[in-house]
Amino acid sequence: MSVSIGQSAPDFTALATGDACVTLSQFRGHQVVIYFYPRASTPGCTTEGGDFRDRKAAFDAANTVILGVSRDGIRAQENFKAKQDFNFDLISDKSEEVCQQFGVIKLKKMYGKEHLGIERSTFLIDSEGRLAHEWRGVKVKDHVQEVLETAQALNAGTLGDD
(Lines give C-alpha, C1' and ligand atoms only; values in the text may rest on other atoms or scores of the structure.)
Protein backbone atom coordinates (compact mmCIF):
# COMPACT_ATOMS: atom_id res chain seq x y z
CA MET A 1 0.00 0.00 0.00
CA SER A 2 1.14 3.52 -0.63
CA VAL A 3 -0.32 6.99 -0.38
CA SER A 4 -0.74 9.36 -3.32
CA ILE A 5 0.00 13.07 -3.55
CA GLY A 6 -2.87 15.08 -2.06
CA GLN A 7 -4.20 12.16 0.00
CA SER A 8 -4.08 12.01 3.78
CA ALA A 9 -0.88 10.35 4.90
CA PRO A 10 -1.45 7.16 6.89
CA ASP A 11 -1.38 7.87 10.61
CA PHE A 12 0.95 5.67 12.60
CA THR A 13 2.24 5.25 16.11
CA ALA A 14 5.82 4.05 16.50
CA LEU A 15 8.65 3.79 19.00
CA ALA A 16 11.22 6.56 18.58
CA THR A 17 14.47 7.63 20.17
CA GLY A 18 14.34 9.34 23.53
CA ASP A 19 11.80 6.77 24.79
CA ALA A 20 9.15 8.52 22.74
CA CYS A 21 6.06 7.11 21.14
CA VAL A 22 5.49 9.14 17.98
CA THR A 23 2.16 9.49 16.19
CA LEU A 24 2.05 11.28 12.86
CA SER A 25 -1.17 13.11 13.79
CA GLN A 26 0.56 14.72 16.79
CA PHE A 27 2.35 16.99 14.33
CA ARG A 28 -0.80 18.52 12.77
CA GLY A 29 -0.15 22.20 12.21
CA HIS A 30 3.44 21.39 11.20
CA GLN A 31 4.85 19.99 8.01
CA VAL A 32 6.63 16.67 8.46
CA VAL A 33 9.52 15.16 6.53
CA ILE A 34 9.61 11.39 6.93
CA TYR A 35 12.71 9.89 5.43
CA PHE A 36 13.26 6.15 5.19
CA TYR A 37 16.81 4.82 5.16
CA PRO A 38 18.11 1.25 4.82
CA ARG A 39 20.29 0.89 7.91
CA ALA A 40 21.66 2.91 10.80
CA SER A 41 25.38 3.71 10.88
CA THR A 42 26.06 2.90 7.23
CA PRO A 43 27.87 5.48 5.07
CA GLY A 44 24.96 6.72 2.93
CA CYS A 45 22.54 6.78 5.87
CA THR A 46 25.07 8.65 8.01
CA THR A 47 25.60 11.24 5.28
CA GLU A 48 21.86 11.70 4.72
CA GLY A 49 21.14 12.02 8.44
CA GLY A 50 24.00 14.49 8.82
CA ASP A 51 22.60 16.60 6.00
CA PHE A 52 19.21 16.74 7.77
CA ARG A 53 20.96 17.54 11.08
CA ASP A 54 22.96 20.36 9.54
CA ARG A 55 19.85 21.95 8.00
CA LYS A 56 17.49 21.43 10.94
CA ALA A 57 17.30 25.12 11.83
CA ALA A 58 16.16 25.89 8.27
CA PHE A 59 13.56 23.10 8.45
CA ASP A 60 12.38 24.52 11.80
CA ALA A 61 12.04 27.95 10.20
CA ALA A 62 9.88 26.32 7.50
CA ASN A 63 7.60 24.82 10.21
CA THR A 64 8.85 21.33 9.32
CA VAL A 65 9.55 18.40 11.66
CA ILE A 66 12.09 15.73 10.60
CA LEU A 67 11.63 12.02 11.34
CA GLY A 68 14.00 9.28 10.19
CA VAL A 69 12.74 5.69 9.88
CA SER A 70 14.51 2.35 9.44
CA ARG A 71 13.95 -1.26 10.44
CA ASP A 72 16.74 -1.07 13.02
CA GLY A 73 15.92 -1.73 16.67
CA ILE A 74 15.58 1.14 19.09
CA ARG A 75 19.03 0.55 20.62
CA ALA A 76 20.69 0.85 17.19
CA GLN A 77 18.65 4.00 16.51
CA GLU A 78 19.63 5.52 19.89
CA ASN A 79 23.32 4.75 19.24
CA PHE A 80 23.15 6.17 15.70
CA LYS A 81 21.45 9.36 16.91
CA ALA A 82 23.93 9.84 19.76
CA LYS A 83 27.05 9.09 17.71
CA GLN A 84 26.00 11.44 14.89
CA ASP A 85 24.51 14.09 17.21
CA PHE A 86 21.22 14.04 15.32
CA ASN A 87 18.81 16.72 16.53
CA PHE A 88 15.63 14.94 15.44
CA ASP A 89 13.95 11.64 16.30
CA LEU A 90 14.62 8.30 14.65
CA ILE A 91 11.85 5.70 14.50
CA SER A 92 12.41 1.99 14.96
CA ASP A 93 10.13 0.11 12.55
CA LYS A 94 11.17 -3.50 13.13
CA SER A 95 7.64 -4.67 12.30
CA GLU A 96 7.81 -2.75 8.98
CA GLU A 97 4.33 -1.34 9.66
CA VAL A 98 5.29 2.25 8.80
CA CYS A 99 7.44 1.08 5.87
CA GLN A 100 4.48 -0.86 4.46
CA GLN A 101 2.12 2.12 4.86
CA PHE A 102 4.43 4.23 2.71
CA GLY A 103 5.32 1.42 0.29
CA VAL A 104 9.10 1.58 0.73
CA ILE A 105 9.90 -2.14 1.11
CA LYS A 106 11.29 -3.26 -2.24
CA LEU A 107 13.14 -6.22 -3.69
CA LYS A 108 16.81 -5.26 -3.81
CA LYS A 109 19.97 -6.97 -5.03
CA MET A 110 23.24 -7.03 -3.16
CA TYR A 111 26.23 -9.14 -4.20
CA GLY A 112 23.99 -11.04 -6.62
CA LYS A 113 21.42 -12.01 -3.97
CA GLU A 114 17.89 -10.66 -3.76
CA HIS A 115 16.37 -9.50 -0.50
CA LEU A 116 13.61 -7.22 0.71
CA GLY A 117 14.84 -3.90 2.04
CA ILE A 118 14.01 -0.25 2.39
CA GLU A 119 14.21 1.81 -0.78
CA ARG A 120 15.67 5.14 0.35
CA SER A 121 12.63 7.43 0.15
CA THR A 122 11.44 10.75 1.57
CA PHE A 123 7.92 12.09 2.04
CA LEU A 124 6.80 15.64 2.78
CA ILE A 125 3.50 15.84 4.66
CA ASP A 126 1.68 19.20 4.74
CA SER A 127 0.40 20.83 7.94
CA GLU A 128 -3.03 19.25 7.43
CA GLY A 129 -1.64 15.71 7.17
CA ARG A 130 -1.72 15.27 3.38
CA LEU A 131 1.14 13.99 1.28
CA ALA A 132 2.54 17.02 -0.54
CA HIS A 133 5.62 15.54 -2.21
CA GLU A 134 7.59 12.29 -2.39
CA TRP A 135 11.04 11.22 -3.48
CA ARG A 136 11.68 7.52 -4.17
CA GLY A 137 14.93 5.78 -5.04
CA VAL A 138 16.79 8.69 -3.46
CA LYS A 139 20.43 9.41 -4.15
CA VAL A 140 21.93 11.09 -1.08
CA LYS A 141 23.96 13.84 -2.78
CA ASP A 142 22.03 17.16 -2.73
CA HIS A 143 18.80 15.37 -1.72
CA VAL A 144 18.27 17.09 1.64
CA GLN A 145 18.73 20.53 0.09
CA GLU A 146 16.01 19.71 -2.45
CA VAL A 147 13.69 18.52 0.35
CA LEU A 148 14.39 21.72 2.29
CA GLU A 149 13.62 23.94 -0.70
CA THR A 150 10.37 22.03 -1.28
CA ALA A 151 9.41 22.35 2.40
CA GLN A 152 10.14 26.09 2.30
CA ALA A 153 8.01 26.50 -0.84
CA LEU A 154 5.15 24.53 0.72
CA ASN A 155 5.32 26.58 3.91
CA ALA A 156 5.33 29.81 1.86
CA GLY A 157 2.37 28.59 -0.18
CA THR A 158 4.37 28.60 -3.41
CA LEU A 159 4.82 24.86 -4.00
CA GLY A 160 3.81 24.15 -7.59
CA ASP A 161 3.90 27.82 -8.59
CA ASP A 162 6.02 28.74 -11.57
Side-chain angles (χ1 to χ4, degrees), residues 1-18 20-70 72 77-78 80-93 98-106 118-162:
M1 178 183 161
S2 189
V3 65
S4 298
I5 302 293
Q7 288 184 330
S8 290
D11 200 12
F12 61 81
T13 301
L15 183 61
T17 49
C21 193
V22 173
T23 302
L24 182 59
S25 59
Q26 82 185 61
F27 299 109
R28 285 287 158 84
H30 298 276
Q31 298 175 164
V32 181
V33 165
I34 304 171
Y35 80 97
F36 291 85
Y37 58 96
R39 190 159 186 186
S41 300
T42 56
C45 299
T46 299
T47 298
E48 183 178 28
D51 288 348
F52 276 111
R53 176 198 60 220
D54 295 346
R55 290 172 176 80
K56 184 170 184 303
F59 278 102
D60 289 346
N63 190 36
T64 306
V65 174
I66 302 165
L67 297 172
V69 181
S70 77
D72 294 294
Q77 297 289 50
E78 292 283 5
F80 188 36
K81 180 178 177 178
K83 184 175 181 182
Q84 300 304 324
D85 200 26
F86 291 157
N87 46 10
F88 53 87
D89 284 322
L90 301 177
I91 292 173
S92 171
D93 190 29
V98 181
C99 291
Q100 294 292 347
Q101 288 177 307
F102 285 86
V104 299
I105 300 294
K106 304 289 182 184
I118 291 178
E119 176 185 48
R120 191 180 307 277
S121 304
T122 303
F123 300 86
L124 177 60
I125 312 300
D126 71 17
S127 61
E128 295 177 13
R130 293 181 306 255
L131 180 63
H133 202 86
E134 66 180 13
W135 296 262
R136 294 183 179 269
V138 167
K139 302 293 183 225
V140 172
K141 185 174 175 17
D142 300 321
H143 172 64
V144 174
Q145 184 61 37
E146 182 181 343
V147 175
L148 174 60
E149 290 168 4
T150 305
Q152 290 168 327
L154 180 61
N155 189 55
T158 60
L159 185 63
D161 292 351
D162 289 307

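Starting from 1, each residue takes its place in the sequence as its number. Given the structure is predicted, the values throughout are model-derived calculations rather than measurements.
Within the structure, every pair that satisfies the salt bridge (charged side-chain N to carboxylate O under 4.0 Å, His left out) test and touches residues 37-48, not counting sequence neighbours, is listed here: Glu48-Arg120.
Nearest heavy-atom pair across Ala14 and Ile91 is CB-CG2, 3.4 Å. For the residue pair Ala16 and Val22, the shortest heavy atom distance occurs at CB-CG2, 3.4 Å. Shown here for Gln26 and Cys21, the closest heavy-atom pair between the two residues is OE1-O, 3.8 Å. Listed here is the closest heavy atom pair of Gly29 and Asn63: O-ND2, 2.9 Å.
His143 meets the side-chain hydrogen bond (donor to acceptor under 3.5 Å, both in side chains) test with Thr122; sequence neighbours excluded. Among residues two or more places apart in sequence or in another chain, the side chain to side chain contact (heavy atoms under 4.5 Å, CB included) test is passed with Gln31 by Thr64, Leu124, Ala151, Leu154, Asn155. In this structure Asp126 satisfies the side-chain hydrogen bond (donor to acceptor under 3.5 Å, both in side chains) test together with Arg130, sequence neighbours excluded. Remark: Phe27 pairs with no residue by the ring pair (Phe, Tyr, Trp, His ring centres under 6.0 Å) rule, at least two apart or across chains. Shown here are the ring pair (Phe, Tyr, Trp, His ring centres under 6.0 Å) partners of Phe12, two or more places apart in sequence or in another chain: there are none. Legend: residues meeting salt bridge (Lys or Arg N to Asp or Glu O under 4.0 Å) with Asp60, ordered by chain and number and at least two apart, are Lys56. Listed by chain and number, the residues in a side-chain hydrogen bond (donor to acceptor under 3.5 Å, both in side chains) with Lys141 amount to none (sequence neighbours excluded). Considering only residues two or more places apart in sequence or on other chains, Leu148 meets the side chain to side chain contact (heavy atoms under 4.5 Å, CB included) condition with Arg55, Ala58, Phe59, Gln145, Gln152. Considering only residues two or more places apart in sequence or on other chains, Thr42 meets the side-chain hydrogen bond (donor to acceptor under 3.5 Å, both in side chains) condition with none of them. By the side chain to side chain contact (heavy atoms under 4.5 Å, CB included) test, Ser127 is found to be paired with no residue, residues two or more places apart in sequence or in another chain being considered.
To the nearest 0.5 Å, atoms OG (Ser8) and CD (Glu128) are separated by 9.5 Å. Interatomic distance, OH of Tyr35 versus CZ of Phe123, reported as 14.0 Å (0.5 Å rounding). Atom-to-atom distance recorded for Glu134:CD and Ile34:CD1 is 12.0 Å, nearest 0.5 angstrom. Here the CG atom belonging to Asp142 is positioned 9.5 Å from the CD atom belonging to Glu149, to the nearest 0.5 angstrom. From Ile125, atom CD1 reaches atom CG of Leu131 across 5.0 Å, with rounding to the nearest 0.5 Å.
A side-chain donor-acceptor contact under 3.5 Å links Ser121 to the backbone of Glu119. Using a distance-only test at 3.5 Å, with no hydrogens or angles considered, a donor-acceptor pair links the side chain of Ser92 to the main chain of Asp72. For the pair Asp93 (side chain) and Val98 (backbone), a donor-acceptor distance under 3.5 Å is present.
Side-chain N/O atoms of Ser70 and Gln77 include a donor and acceptor closer than 3.5 Å.
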Quick one: do Val138 and Phe36 satisfy side-chain contact (heavy atoms from CB on, under 4.5 Å)? Show the steps, please. CA-CA 10 Å; Val138 167; Phe36 291 85; over 6 Å; no
Before you tell me yes or no, could you show the steps for Tyr37 and Leu90 under side-chain contact (heavy atoms from CB on, under 4.5 Å), namely the whole-Å CA-CA distance, both residues' side-chain angles and the distance that decides it to 0.1 Å? CA-CA 10 Å; Tyr37 58 96; Leu90 301 177; 3.7 Å; yes
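Counting heavy atoms from C-beta outward, Asp54 and Val144 have side chains that stay 4.5 Å or more apart. Using a 4.5 Å cut-off on side-chain heavy atoms (C-beta onward), Val33 and Val65 make no contact.
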Output side-chain donor-acceptor pairs under 3.5 Å for residues 82-89, partner residues at least two apart or in another chain, one line each.
from: Asn87; atom 1: ND2; to: Arg53; atom 2: O; distance (Å): 3.3
from: Asp89; atom 1: OD1; to: Thr17; atom 2: OG1; distance (Å): 3.1
from: Asp89; atom 1: OD1; to: Lys81; atom 2: NZ; distance (Å): 3.3

